[in-house]
Amino acid sequence: MRAVMVANPKGGAGKTTLATNLSGYFANQGKKTTLCDLDRQQSALRWMAFREPALPPVTGYFAGNQIVLNLPKEADWVVVDAPAGLQGYKLTDYLRVVDKVVVPLVPSVFDMAATEDFLNSIRSEMRGSRGKVGIVAMRVDPRTKAAGMLEEFLKHFDIPIVAYLRNTQNYVNVAAGGQTVFDPPRAKHRRDVEQWAPLLEWLGG
Ligand SMILES: Nc1ncnc2c1ncn2[C@@H]1O[C@H](COP(=O)(O)OP(=O)(O)O)[C@@H](O)[C@H]1O
Ligand SMILES: [Mg+2]
């Protein structure tokens, strides 16, 4: 079993979008995939409930009430959708039990300010395990001013940007049907699927 946690203290950063699409990717690869929803709003589980049985299956459960994170060993991949405001001892515990941490980050001054303390705690917790944390630049095209601003901000943290995902209603539309950009017809989202490649390679999936 391998586990990836999607985390950012800011609501609306794109955690559930990343967590559901990652789950859809693994499921379409034929992997036994489980979504662990830690957010009490349970958006990831709501997405799962919309998912048609004919699609590659994703199972899931709510774990926001667990003191210590207990992940299902029988899954190939567990994707953890972390709650907004995750910090302190819980963050420490969660970082310990997952293989990778993906932090979606929108290049706005508000989002970057709200994420700064979180990135600082992650960096100090993660001493000695470089390569475990990666940023996904969310709703941005590389080579824009916004991307440059994000790269400048991240220089302080020594955490790499592992993908850039553009701003598109595709994510909103697929989510409404319990789907992901990786579900058929995949060609419809070819440009988006391509943007995930460096993240998926970094995860080693
Ligand atoms: N790349 C994107 N392009 C357009 N809309 C996006 C993108 N990523 C996320 N969204 C939308 O932004 C909103 C917040 O994203 P969500 O994944 O729910 O964030 P979080 O789980 O961090 O609160 C949702 O309505 C989602 O559909
Ligand atoms: Mg969410």
Side-chain angles (χ1 to χ4, degrees), residues 3-26 34-51 58 60-66 69 78-87 90-91 94 98 100-119 122 133-144 146-147 149-150 159 161-183 186 188-200:
V4 51
M5 175 166 76
V6 185
N8 183 316
K10 180 94 167 50
K15 292 179 288 297
T16 303
T17 302
L18 276 188
T20 52
N21 279 278
L22 266 182
S23 300
Y25 167 74
F26 292 130
T34 301
L35 246 176
C36 171
D37 196 345
L38 297 178
D39 194 340
R40 57 196 163 80
Q41 289 180 8
Q42 304 193 21
S43 313
L45 293 188
R46 205 158 299 169
W47 165 85
M48 218 181 65
F50 292 136
R51 195 166 170 79
V58 174
Y61 66 107
F62 176 65
N65 45 9
Q66 286 184 5
L69 200 54
V78 178
V79 180
V80 181
D81 189 2
L86 176 62
Q87 55 172 325
K90 275 197 165 174
L91 175 63
Y94 296 174
V98 298
K100 296 275 190 183
V101 181
V102 179
V103 181
L105 186 50
V106 179
S108 86
V109 284
F110 307 121
D111 284 68
M112 292 188 295
T115 308
E116 194 165 355
D117 288 346
F118 180 73
L119 291 180
I122 281 201
V133 187
I135 304 283
V136 170
M138 208 57 176
R139 312 176 81 144
V140 61
D141 282 317
R143 293 184 295 277
T144 56
M149 192 173 76
L150 189 65
I159 302 176
I161 297 179
V162 292
Y164 292 84
L165 301 186
R166 66 182 178 143
N167 189 22
T168 165
Q169 287 302 299
N170 286 348
Y171 290 110
V172 181
N173 295 335
V174 291
Q179 297 189 15
T180 69
V181 294
F182 299 101
D183 291 306
R186 200 166 153 146
K188 203 173 149 191
H189 305 119
R190 193 175 48 82
R191 231 185 110 191
D192 299 303
V193 167
E194 278 169 5
Q195 291 198 309
W196 281 72
L199 165 62
L200 300 172

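Counting starts at 1 for both ligands and their atoms, in listed order.
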- Note on the structure: Value for CD1 (Ile135) from CD1 (Ile159), rounded to nearest 0.5 Å, stands at 5.0 Å

- Message: Between the side chains of Lys15 and Asp39, is the shortest nitrogen-to-carboxylate-oxygen separation below 4.0 Å, so that they form an ion pair?
- Response: no

- Task: Taking Gln42 for its side chain and Asp37 for its backbone only, find out whether a donor-acceptor pair lies under 3.5 Å.
- Result: no

- With 2.8 Å as the limit, jot down which protein N, O or S atoms are around the Mg ion (ligand 2). Thr16 OG1

- Say you draw a straight line from NZ of Lys10 to CZ of Phe110; how long is it, rounded to the nearest 0.5 Å? 9.0 Å

Please give the N or O to N or O pairs under 3.5 Å between ligand 1 and the protein, distances rounded to 0.1 Å.
residue: ligand 1; atom: 1 (N); partner: Arg166; partner atom: O; Å: 2.9
residue: ligand 1; atom: 3 (N); partner: Asn167; partner atom: OD1; Å: 3.2
residue: ligand 1; atom: 3 (N); partner: Thr168; partner atom: N; Å: 3.0
residue: ligand 1; atom: 3 (N); partner: Thr168; partner atom: O; Å: 3.2
residue: ligand 1; atom: 5 (N); partner: Arg139; partner atom: NH2; Å: 3.4
residue: ligand 1; atom: 12 (O); partner: Arg139; partner atom: NH1; Å: 3.0
residue: ligand 1; atom: 17 (O); partner: Thr16; partner atom: N; Å: 3.3
residue: ligand 1; atom: 17 (O); partner: Thr17; partner atom: N; Å: 2.8
residue: ligand 1; atom: 17 (O); partner: Thr17; partner atom: OG1; Å: 2.6
residue: ligand 1; atom: 19 (O); partner: Gly14; partner atom: N; Å: 3.0
residue: ligand 1; atom: 21 (O); partner: Thr16; partner atom: N; Å: 2.9
residue: ligand 1; atom: 21 (O); partner: Thr16; partner atom: OG1; Å: 2.9
residue: ligand 1; atom: 22 (O); partner: Ala13; partner atom: N; Å: 3.2
residue: ligand 1; atom: 22 (O); partner: Gly14; partner atom: N; Å: 3.0
residue: ligand 1; atom: 22 (O); partner: Lys15; partner atom: N; Å: 2.9
residue: ligand 1; atom: 22 (O); partner: Lys15; partner atom: NZ; Å: 2.8
residue: ligand 1; atom: 23 (O); partner: Gly12; partner atom: N; Å: 2.7

- Query: Quick one: do the Asp141 and Thr144 side chains pair a donor with an acceptor below 3.5 Å?
  - Reply: no

- Task: Would you give the length of the straight line joining atom CD of Glu116 to atom CG of Leu105, rounded to the nearest 0.5 angstrom?
- Result: 10.5 Å

- Please work out which of the three classes, parallel, tilted or perpendicular, describes the rings of Trp196 and Tyr171, given edges at 30° and 60°. tilted

- Message: Rounded at 0.5 Å granularity, tell me how far CG in Leu199 sits from OH in Tyr25.
- Response: 9.5 Å

- Item | Rounded distance (nearest 0.5 Å) linking atom OG of Ser23 with atom CE of Met48 | 9.5 Å

